[in-house]
Protein chains: 2
Amino acid sequence: MKTYLQKFKCLGDETRIRILRLLLISKEELCVCEIVDALEIPVYTISKHLKELKNAGLISEKREGKFIFYSLTKTDDAFFESILSAVSSIPGEFFKTNKEALKKRLKLRENGACVIGMKQ
Amino acid sequence: MKTYLQKFKCLGDETRIRILRLLLISKEELCVCEIVDALEIPVYTISKHLKELKNAGLISEKREGKFIFYSLTKTDDAFFESILSAVSSIPGEFFKTNKEALKKRLKLRENGACVIGMKQ
DNA sequence: AATACATTTGCAAATTAGTGCAAATGAGTA
DNA sequence: TACTCATTTGCACTAATTTGCAAATGTATT
């Protein structure tokens, strides 16, 4: 039961919803610095929320050199699918700015990988 | 955005999940005292959680004489459907006891309405 | 090894949420 | 009006969450 509650709790925070939505939009893994730039929220805040999302099993991480990439956990669990579907149902207008910032940021990738770091 | 977050936050509490699940199982409105008996949680706690669920727009209330009945809000909103579907996806084993207690309690209704009150 | 940079962590302060009890409300009934 | 009973509320208390900053970690580069 705890695992279900933990997932729901994760979804009760705006930053975490924005992170999930970003991962849903991009359909691929995102580097921490890309998420930071897209959401314009301090790194350490993002980092802590990413940790929670990971603990809840919603996202997975993968290190590639200096960068750490996060992606939605792959699973065919009905519960997980439903909550992702709920996140997708939130109107796009709320994420417009984030989506555009992400798009811009992703253009700076080389060979599909993040190469620049944080906008200082 | 706030309304979506509020709904998710509501789902992050075990008592509220149990209440929702009860309403999903019974497919009909339930009186506060029936919920209390089914969950074996103090009335005032249930009452406060019901208030939160109502504020979040997840459930609706209806008074009938001495009794107040709660039911899932009727809507065809995609977001709402998804979260209900998530709640339904939680394995039934977690709710077995509650479900049985509710069944017993509902047998005490007369003409489909709650007539007894609280087990003191 | 020394430096640079991406990311995480530990800790304190601020905020928010949950629980328990006693008292209040509101409807029905005598 | 007084009384009973279902339900809610106010308040005090405790527990959990969030945030900000500075320091730490880990990897790559020179």
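Note that the coordinates shown come from a computational prediction; the quantities given were computed from them, not determined experimentally. The chains referred to below are lettered A, B, ... by the order of the sequence lines, with proteins before strands, and numbering in each begins at 1.
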*Between A:Lys54 and A:Glu52, is a salt bridge (Lys or Arg N to Asp or Glu O under 4.0 Å) present by the stated rule, with each step listed?*
CA-CA 5 Å; A:Lys54 197 180 61 170; A:Glu52 291 241 1; over 6 Å; no
Polar pairs (N or O, both sides) under 3.5 Å between protein and nucleotides 8-10 of chain D?
residue : atom : partner : partner atom : Å
D:dT8   : OP1  : B:Tyr70 : OH           : 2.6
D:dT8   : OP2  : B:Ser47 : OG           : 2.7
D:dT8   : O5'  : B:Ser47 : OG           : 3.1
D:dG10  : O6   : B:Lys48 : NZ           : 2.5

*Judged by atom type as modelled, is there a donor-acceptor pair below 3.5 Å linking the side chain of B:Arg18 to the main-chain atoms of B:Phe94?*
yes
*What's the CZ-C1' distance between A:Phe69 and D:dG26, to the nearest Å?*
16 Å
*Between C1' of D:dT7 and CD of B:Glu34, the distance in whole Å*: 14 Å
Shorter than 3.5 Å, N or O on both sides, protein versus nucleotides 15-18 of chain C: list them out with atom names.
residue : atom : partner : partner atom : Å
C:dG18  : OP1  : B:Arg16 : NH1          : 3.4
C:dG18  : OP1  : B:Arg16 : NH2          : 3.0

*Any idea which of C:dC5, C:dA27, D:dT7 is nearest the B:Cys33 side chain?*
D:dT7
_Distance, rounded to the nearest Å, where B:Asp37 contributes CG and D:dC5 contributes P_ = 16 Å
*Is the backbone N or O of B:Ile41 less than 3.5 Å from a side-chain atom of B:Thr45, with the two atoms forming a donor-acceptor pair by type?*
no
*Is it the case that B:Thr73 and B:Ser60 place a side-chain donor and acceptor less than 3.5 Å from each other?*
yes
*Tell me: NZ of A:Lys66 to P of C:dT3, nearest whole Å?*
16 Å
*Would you kindly give the CG-to-P distance between A:Asn55 and D:dT18, to the nearest whole Å?*
12 Å
_Using a 3.5 Å distance criterion without hydrogens, assess whether the side chain of A:Asp13 forms a donor-acceptor pair with backbone atoms of A:Thr15._
yes
*How long is the span from the CZ atom in A:Phe69 to the SG atom in A:Cys31, to the nearest 0.5 Å?*
5.0 Å
*Taking CD from A:Glu14 and P from D:dT18, how many angstroms apart are they, rounded to a whole number?*
13 Å
*Whole angstrom value for the distance that separates C1' of D:dT7 from CD1 of B:Ile59*: 13 Å
*For A:Arg16 and A:Leu11, indicate whether the former's side chain and the latter's backbone hold a donor-acceptor pair under 3.5 Å.*
no
*With the 4.5 Å side-chain cut-off for hydrophobic clustering, are A:Tyr70 and A:Leu24 part of the same group?*
yes
*D:dT27 P sits how many Å from A:Lys62 NZ, rounded?*
16 Å
*Centroid-to-centroid, B:Phe80 to B:Tyr4, below 6.0 Å?*
no
